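What follows is one structure encoded as structure tokens, with my remarks underneath.
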There are 2 protein chains.
Amino acid sequence: MKYTEKLRNSGLRPTKQRVQICNALFDEKKTFHFTVKDLAKKIQNKINSHISLATVYNTVHAFEKKGYLKQIPINSNKIYFDTNVSEHHHFYDLDKNKLIDLNKCDVGPINIKKKINGKKIKSVEVLVKLEN
Amino acid sequence: MKYTEKLRNSGLRPTKQRVQICNALFDEKKTFHFTVKDLAKKIQNKINSHISLATVYNTVHAFEKKGYLKQIPINSNKIYFDTNVSEHHHFYDLDKNKLIDLNKCDVGPINIKKKINGKKIKSVEVLVKLEN
DNA sequence: ACAGCTTTTTAGAATCATTATAAACTACCT
DNA sequence: AGGTAGTTTATAATGATTCTAAAAAGCTGT
Ligand SMILES: [Mn+2]
Ligand SMILES: [Mn+2]
Ligand SMILES: [Zn+2]
Ligand SMILES: [Zn+2]
């Protein structure tokens, strides 16, 4: 199987559900943005067995912890995830309510001048809000 | 009253509740970050009358629409607001779960190279995640 | 001050995303 | 195959936010 090793290597048992979620997430030609609800629906349409919503939540969080997915910082009461885990940024179209990728090369280098004692920078993410 | 004109000028009737919310938000020496629940609690402690949580929600949203407050882009299922409406950015301390201001001058100029047809940029916000 | 009209406040209910529970099931090891 | 720890599941619980519709308050003209 395509994803059994990936899962096993990060200490996650390659269950049928996890492999199906991997298929939905990582088989696509293009990376994409999603909420857990979106993803669960997508999987139901793809396969004809049912995966519990709780399992999709659990798995998405496990994958995020392993770095297979990341969350997108945005002010919403829903959490948006990204299958593109490379360093990149986002446009947020306020009218269509849609996220659009900004590759790292689409944004000039970002220089954080302030330091916080004893803390190190884990990530730097830019959100560019768009209107008409 | 200190805030009646401000409210009236933006088409909001200066009710007792709105003025009290203004006091809690804008009388502080320093700007701050909050959730609506936080703010409601702060107000209850300050005054000894009660303001409905729904009113605090309504008012915070009205103020945001008028530009007196802004939301902070962060991946959380709670919405964080900021009384600092100037162009600035944020550190997010992942361990303490706390937001820290980055003044505009703490971050070098940000150059967005990509354009989206027919859209204009409303804001550019940076979130810098910190870990130990 | 008062009537008439509009906006606002309010308690409570409804909604919706997310997390917790704990029993049934499955993968893995020997 | 049997034992054990990890996983899935339906369902309940939680918690933030929004909705509702009736009561209260603000405003304008008299
Ligand atoms: Mn992406
Ligand atoms: Mn601030
Ligand atoms: Zn992205
Ligand atoms: Zn701030």
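Letters A, B, ... are given to chains in the order of the sequence lines, protein chains preceding strands, and every chain is numbered from 1. Bear in mind that the values here come from a model prediction, so they are computed numbers and not experimental data.
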Distances under 3.5 Å between nitrogen or oxygen atoms of protein and nucleotides 16-18 of chain C:
{"unit_1": "C:dA17", "atom_1": "OP2", "unit_2": "A:K37", "atom_2": "NZ", "d": "2.9"}
{"unit_1": "C:dT18", "atom_1": "OP1", "unit_2": "A:I79", "atom_2": "N", "d": "2.8"}
{"unit_1": "C:dT18", "atom_1": "OP2", "unit_2": "A:Y57", "atom_2": "OH", "d": "2.5"}
{"unit_1": "C:dT18", "atom_1": "O5'", "unit_2": "A:Y57", "atom_2": "OH", "d": "3.3"}

Atom CZ of A:R8 and atom P of D:dT7 are separated, to the nearest Å, by 12 Å
note: B:L7, atom CG; D:dA25, atom C1'; distance rounded to Å ~ 15 Å
Rounding to the nearest 10°, end axes of the helix from C:dA1-D:dT30 to C:dT30-D:dA1 built from five pairs each make an angle of 30°
Taken to the nearest whole Å, NZ/A:K16 to C1'/D:dT7 is 12 Å
Residue set satisfying side-chain contact (heavy atoms from CB on, under 4.5 Å) with A:K104, at least two apart, ordered chain then number -> A:E87
message = Can a donor-acceptor pair be found, under 3.5 Å and without considering hydrogens, that links the side chain of B:K78 to the backbone of B:T35?
response = no
By ring pair (Phe, Tyr, Trp, His ring centres under 6.0 Å), A:Y3 pairs with (sequence neighbours left out) none
query = Can any side-chain N or O of A:T31 pair as donor or acceptor with the backbone N or O of A:T83 at less than 3.5 Å?
reply = no
Rounded to whole Å, CD1 of B:I74 lies from C1' of D:dA16 at a distance of 15 Å
Any donor-acceptor pair under 3.5 Å from B:D101 side chain to B:N103 backbone: no
Under 3.5 Å, is there a donor-acceptor pair between the side chain of B:K120 and the main chain of A:N132? yes
Decide whether a cation-pi geometry holds between B:K6 and B:F26; the criteria are a distance under 6.0 Å from NZ or CZ to the six-membered ring centre and an angle within 45° of the ring axis. yes
Separation of D:dT20 atom C1' from B:N58 atom CG, nearest Å, is 12 Å
Could you tell me whether a side-chain N or O of B:K129 sits under 3.5 Å from a main-chain N or O of A:E125, the two making a donor and an acceptor?
-> no
Does B:S10 offer a backbone N or O that forms a donor-acceptor pair with the side chain of B:K66 under 3.5 Å? yes
Taken to the nearest whole Å, NZ/B:K65 to C1'/D:dT18 is 13 Å
Discussion item. Any side-chain N or O of A:H50 below 4.0 angstrom from OP1/OP2 of D:dA10?
Written reply: yes
Sequence neighbours excluded, the answer for side-chain contact (heavy atoms from CB on, under 4.5 Å) partners of B:H50 is B:Q44
Rounded to whole Å, the CG-P distance (B:L12 to C:dT8) equals 7 Å
Protein-nucleic acid N or O pairs under 3.5 Å, nucleotides 1-5 of chain C:
none

A:R18 side chain N/O closer than 4.0 Å to the phosphate oxygens (OP1, OP2) of C:dA27?
-> no
Separation of D:dT9 atom C1' from A:I21 atom CD1, nearest Å, is 13 Å
Does D:dT9 have OP1 or OP2 sitting under 4.0 Å from an N or O in the side chain of A:Q17?
yes
| query | Is there a donor-acceptor contact under 3.5 Å from the side chain of B:R8 to the main chain of B:P14? | reply | no
Q. With sugar-phosphate meaning primed atoms plus P, OP1 and OP2, does A:T55 contact a base, only sugar-phosphate, or nothing at under 4.0 Å between heavy atoms?
A. base
ask   = Going by atom types alone, do A:H33 and A:D82 pair a side-chain donor with an acceptor below 3.5 Å?
value = yes
